[in-house]
Amino acid sequence: MSGAETQEKDLDQGESLLAKIALEAELADYSPVKGCMVIRPYGYAIWEQIQSSLDKMIKETGHQNAYFPLFIPESFLQKEAKHVEGFAPECAVVSYAGGKELEEKLVVRPTSETIINYMFSKWIQSYRDLPVLINQWANIVRWEMRTRLFLRTTEFLWQEGHTAHATREEAEVETKKMLGVYKTLSEEYLAIPIIDGIKTETQRFAGAVTTYCIEGLMKDGKSLQMGTSHYLGQNFARAFDTKFQDQNGQLQHVHQTSWGVSTRLIGAIIMTHSDEKGLRLPPKIAPIQIIVVPIYKEQAEKEMVLKKCKELEETLKNDFRIKTDDRDQYSPGWKFNHWEIKGVPIRINLGPKDISSNVVEIVRRDTKEKLKNVPQQDLRQYLLKLSTEIQENLFRQANDFLIKNTFTVKNEKEFAEKINSGGYLICFWCEKTQCEEKLKQKTKATIRCIPFKLPVDQNQEEGYCISCNQKAKQQVIFAKAY
RNA sequence: CGGGAAGUAGCUCAGCUUGGUAGAGCGUUCGUUUCGGGUGCGAAAGGCCGCAGGUUCAAAUCCUGUCUUCCCGACCA
């Protein structure tokens, strides 16, 4: 066991909350290469839960999984002007392989639009071939200056959807549909409330026409982009000549979308739900939903208690991911703390006293509340209800936090006062990039999105730009971001 | 990539100023005692002092370079 000493103290709420929890809860560890991380089994199990929930939704919306290669010819990246401009600085490039210099350098994919378009242009001939709805689970590499576990690593795992459509309308519907899937994933599975909206030009994906996003507010008051969905227009289709013959025999470029979420979501979970005891996982994505801690003194008791634990597991295993911590070398008290750090939503303490009176003791991780003498009959129902309650409570707490930290500001003075304490600022913006830039220079805050819906009620239709004070119709969300 | 801090036992750290046989607590192993919120006692094992050079009779300690982490800026999911 690592970090036993620091585990004894409550975890600090400092800047290093993220790294601390990631390491202590054994989600990840550092690799010898800068900015890279090892995702440890428990962290990977969380990723698998996220994956299986999302993969199901992706398939339900008609997409198929496929796999495109890691290496992309350097020339591909250069075909789309904005795309190359955006990604060139952060690309890792292989120039030497097989014992010699390569004729054409290979880019380690920072995203797969180019290689996928190359393939699409081969596969798409007719309107009858459309739409093409593809998703891939993959790793990608982006050479970042400053890295943080889960939130920004050099290599990370993600899912990238790529679709091609006959019309602009269809592609736009697709873009928003998948953003909706991300919203569902975040709010209903990860228990993280988000603000969904449109990115401004400066924050838009390199090569996209429109970028939609979901943004979450982290415990430290910073905003985290948790997922993006792009309407790519015909930009890549033109660059790669991805054309189809329509019903009138006319050749047209396809309209495309791409969308992705990554292992960053694990960072979001940490930075949204952790408390002084460690991680708190929403039941829907917790690799272990119920941990059973047996309590016993001598051997006879041990056998009796462990047998009862197995029985419990048997009756509950169809409804829950349940595990008994039957390790002999750790005391019950030690186990309590251990599983709290790891964020297991429900703990069942089971000892001789409980068994003799046919009850269990249940401790919920979200509130730390101890529920004594819960009858063993109807336990399944009780736990199902509790599980739902914990899921909802985590969302409610995060949502309250978001609302409490969202402010409407009317002028630059108010803006400057509020922005340093973190949270979201709602204000009018005249839609000029220079106004956005000016505020970024002064305050480090950026427009996270033009929200579809404001998180707090706001009736005004019109106001004055937070920066230049001219009439403005657009209300935007500002925040400091990761 | 700039500014600051750090890297010594599995973990947290002391030792470095002023060079001279590698330290503590926790954890681990064995024994014993315990087990309903991180048990007590006894013994033992465990270290290319991040890496590479240099200075020196002698380097964890001084010098140079380099790698990694953390914090702060410029860039991003």
Side-chain angles (χ1 to χ4, degrees), chain A residues 1-10 14-20 22-24 29-37 85-91 110-111 139-160 182 199 202-206 211 213-216 223-230 258-268 277 293-299 301-302 305 327-341 347-355 359-361 363 368 370 372-373 440-441 444 446 481-482:
Chain A
M1 256 318 295
S2 66
E5 178 143 355
T6 48
Q7 283 173 19
E8 280 172 22
K9 295 171 269 170
D10 283 345
E15 282 289 313
S16 57
L17 176 79
L18 174 78
K20 222 165 187 167
L23 297 171
E24 299 249 344
D29 207 345
Y30 294 107
S31 94
V33 177
K34 181 183 164 67
C36 292
M37 82 178 162
E85 190 189 317
F87 280 106
E90 43 183 312
C91 282
T111 178
N139 58 334
I140 59 177
V141 167
R142 295 182 185 177
W143 218 259
E144 302 289 352
M145 293 296 173
R146 198 169 159 193
T147 54
R148 310 196 69 185
L149 290 176
F150 288 112
L151 296 187
R152 189 175 299 100
T153 45
T154 301
E155 177 190 5
F156 58 96
L157 305 183
W158 78 343
Q159 144 289 306
E160 50 180 323
Y182 291 159
K199 285 290 187 193
T202 55
Q203 303 279 324
R204 192 182 298 154
F205 174 73
T211 290
C213 66
I214 56 170
E215 292 274 328
S223 185
L224 181 74
Q225 185 176 126
M226 292 173 58
T228 49
S229 183
H230 317 287
S258 69
W259 26 274
V261 296
S262 70
T263 37
R264 176 178 261 193
L265 293 179
I266 299 174
K277 293 271 183 202
V293 176
I295 293 146
Y296 49 80
K297 285 196 182 85
E298 66 274 354
Q299 190 63 23
E301 239 174 38
K302 177 184 169 181
V305 171
R327 291 176 295 178
D328 222 7
Q329 68 267 41
Y330 298 112
S331 69
W334 189 94
K335 290 174 184 175
F336 297 164
N337 287 282
H338 176 75
W339 293 108
E340 276 163 3
I341 291 167
R347 188 177 76 237
I348 297 179
N349 297 339
L350 190 66
K353 291 181 219 160
D354 308 288
I355 293 170
V359 297
V360 294
E361 183 177 278
V363 184
K368 303 184 205 81
K370 199 173 259 186
K372 288 180 182 287
N373 301 317
K440 188 185 171 186
Q441 291 294 317
K444 314 284 177 233
T446 49
Y482 273 101

If I take atom CD in residue E301(A) and atom C1' in nucleotide rG36(B), what distance separates them, rounded to the nearest angstrom? 11 Å

Name the residue closer to the 5' end of RNA chain B, choosing between Q329(A) and A206(A) according to the nucleotide with the nearest heavy atom. Q329(A)

Atom-pair distance (CZ on F336(A); C1' on rG38(B)), nearest Å: 10 Å

Under 6.0 Å from the NZ atom of K368(A), do we count more than 12 heavy atoms belonging to anything else shown? yes

Considering only the C1' atoms, how many Å lie between rG47(B) and rA60(B), rounded to the nearest integer? 11 Å

Counting only side-chain heavy atoms from C-beta out, which of rG36(B), rA74(B), rU69(B) sits nearest to K34(A)? rU69(B)

Between atom NZ in K20(A) and atom C1' in rU69(B), what is the gap in whole Å? 14 Å

Starting at atom CZ of R152(A), determine the distance to atom P of rC70(B), rounded to an integer number of angstrom. 12 Å

Looking only at rA74(B), rG38(B), rG37(B), the nucleotide nearest the H338(A) side chain is rG38(B)

Winner on side-chain proximity to Y296(A), out of rG38(B), rC35(B), rC71(B), is rC35(B)

With nearest nucleotides of RNA chain B determined for A481(A) and G351(A) from heavy-atom distances, which residue corresponds to the more 5′ nucleotide? G351(A)

Among rC70(B), rC35(B), rG38(B), the one nearest Y30(A) by side-chain distance: rC70(B)

For W158(A), does the CH2 atom have more than 12 heavy-atom neighbours from other residues, nucleotides or ligands under 6.0 Å away? yes

